[in-house]
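When a ligand or atom number is given, it counts from 1 through the structure's own listing order.
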Amino acid sequence: MANGILQGKRGIISGALDENSIAWKVAMKAKAEGATFTLTNAPIAMRMGEIKKLADACEAEIIPADATSIEEIENLYTKSLDVLGGKVDFVLHSIGMSPNIRKGRSYGDLNYEWFLKSVDVSALSFHKFLQVAEKMDAINEWGSVVALSYMAAQRTFPFYTDMAEAKSMLESIARSYGYRYGKLKNVRVNTVSQSPTKTTAGSGIGGFDKFYDFADKMAPLGNASADDCANYVVMMFSDYTRMVTMQNLFHDGGYSMMGVSESLLQGE
Ligand code: NAI
């Protein structure tokens, strides 16, 4: 269904770990829609080697960067602008990690060093992506920056522990930086709040499979897939959404507006 809506646009896509990753699907769609871009991930993720396949398919260069490091983000923008031949039009932040979730710590037993790590990797890194871009003037006027969020930013999902706080901060950064970058350069900043999705990050959350089925039965359209999410993100990068900024946009098959569904009540 490609229509060339990103023809001539340049970008940076973070967070493609393997073919299940939301960022992987975004990269494939962005390529199909005519964009050129660089791919980035933490150096540790690179060693697993999967991203090379994506880079070949998208004719994209890989530039490793730990999203918590200002120096590595500066290097990411410098090299991307060089490789792509100019400033970028879009940036995808598709990065999340909580050591507390990984190690199964409950909300009443969090390790605070790890909590800081969760916030640094999953939320502050978004501010760093934006602040470095602003200082380097790396994003074109009317550019679009998107980060992926989850509804635990607004409502309580006990198993999401410290990532709930990280996502709340992520969405707040989209509002605060969206104002600033909008006034400065007409650059747009939004978060897309996605359905539970079967990826490495998603499946790491306690009780994910049960919750995935619950959400699927609650949402009138069912859970939104990573492919559908990629379509939405690509639209957000396009000029069709040029007046949308500072928003948290639910992409969840209707889940966020539900109270209860008949399928759940009837135990279908
Ligand atoms: P994923 O595991 O494929 O992607 C997470 C990415 O974060 C990986 O590529 C990983 O290498 C990267 N990352 C971790 N630490 C990093 C660091 N220090 N520097 C740079 N990159 C780092 O999983 P998924 O689901 O595609 O996650 C992408 C985003 O979508 C995350 O922000 C996640 O919270 C969000 N999301 C996921 C949902 C799900 O159910 N899978 C639902 C809603 C949002």
Do any N/O atoms on [X] end up under 3.5 angstrom from N/O atoms on ligand 1?
X	result
I95	yes
V121	no
S21	yes
G15	yes

Inset, instruction - Applying side-chain hydrogen bond (donor to acceptor under 3.5 Å, both in side chains), name anything that partners R180, two or more places apart in sequence or on another chain. - result: E134
Inset, instruction - Compute the centroid of each ring, for Y177 and then for F126, and state whether the two points are separated by less than 6.0 Å. - result: no
Inset, instruction - Classify the angle between the aromatic ring planes of Y255 and F214 as parallel (below 30°), tilted (30 to 60°) or perpendicular (above 60°). - result: perpendicular
Inset, instruction - Look at the aromatic rings of Y77 and F129 and report parallel, tilted or perpendicular, splitting at 30° and 60°. - result: perpendicular
Output the list of atoms in ligand 1 that are nearer than 4.0 Å to some heavy atom of [X], sorted by atom number.
X	value
Y150	43 (C)
G202	39 (C), 40 (O), 41 (N)
S94	5 (C), 6 (C), 7 (O), 28 (C), 29 (C)
T199	23 (O), 24 (P), 25 (O), 26 (O), 41 (N)
D66	17 (C), 18 (N), 19 (N)
Q194	42 (C), 43 (C)
A65	19 (N), 20 (C)
A45	11 (O)

Inset, instruction - Before accepting this row, confirm whether a basic side-chain N of the pair D227/K29 lies closer than 4.0 Å to the acidic partner's carboxylate O. - result: yes
Legend entry - Selected option - heavy-atom contact closest to atom 11 (O) of ligand 1, from N41, N20, V192: N41
Inset, instruction - Select the closest option to atom 26 (O) of ligand 1 among N223, I22, L148, judged by heavy-atom distance. - result: I22
Legend entry - From CD (E50) to CH2 (W24), nearest 0.5 Å: 5.0 Å
Legend entry - Point-to-point distance, once rounded to the nearest 0.5 Å, from CZ of R155 to OG of S256: 7.0 Å
Tell me, please: is [X] in heavy-atom contact with ligand 1, that is, under 4.0 Å?
X	result
K167	yes
S195	yes
A147	no

What protein heavy atom sits nearest [atom], and how far away is it?
atom	value
atom 2 (O) of ligand 1	A201 N, 3.0 Å
atom 40 (O) of ligand 1	T197 N, 2.8 Å
atom 44 (C) of ligand 1	S149 O, 3.0 Å

Inset, instruction - Report the C-alpha distance between D18 and T200 in whole Å, list the side-chain angles of each, state the deciding distance to 0.1 Å, and finish with yes or no for side chain to side chain donor-acceptor pair (under 3.5 Å). - result: CA-CA 8 Å; D18 57 33; T200 304; 3.2 Å; yes
Inset, instruction - Under the side chain to side chain donor-acceptor pair (under 3.5 Å) rule, what do D162 and S118 come out as? Steps first, then yes or no, please. - result: CA-CA 7 Å; D162 58 355; S118 304; 2.8 Å; yes
Inset, instruction - Using a 4.0 Å heavy-atom threshold (strictly under), name the region of A67 that reaches ligand 1: side chain, backbone, both or neither. - result: both
Inset, instruction - Have a look at ligand 1 and work out which part of S125, if any, has a heavy atom under 4.0 Å from it: side chain, backbone, both or neither. - result: neither
Under 3.5 Å, is there a donor-acceptor pair between the side chain of [X] and the main chain of [Y]?
X	Y	value
S14	L92	yes
N190	M246	yes
S172	S168	no

Inset, instruction - Would you kindly check if the NZ (Lys) or CZ (Arg) of K198 is within the cone defined by 45 degrees around the ring axis of Y212 and under 6.0 Å from the six-membered ring centre? - result: yes
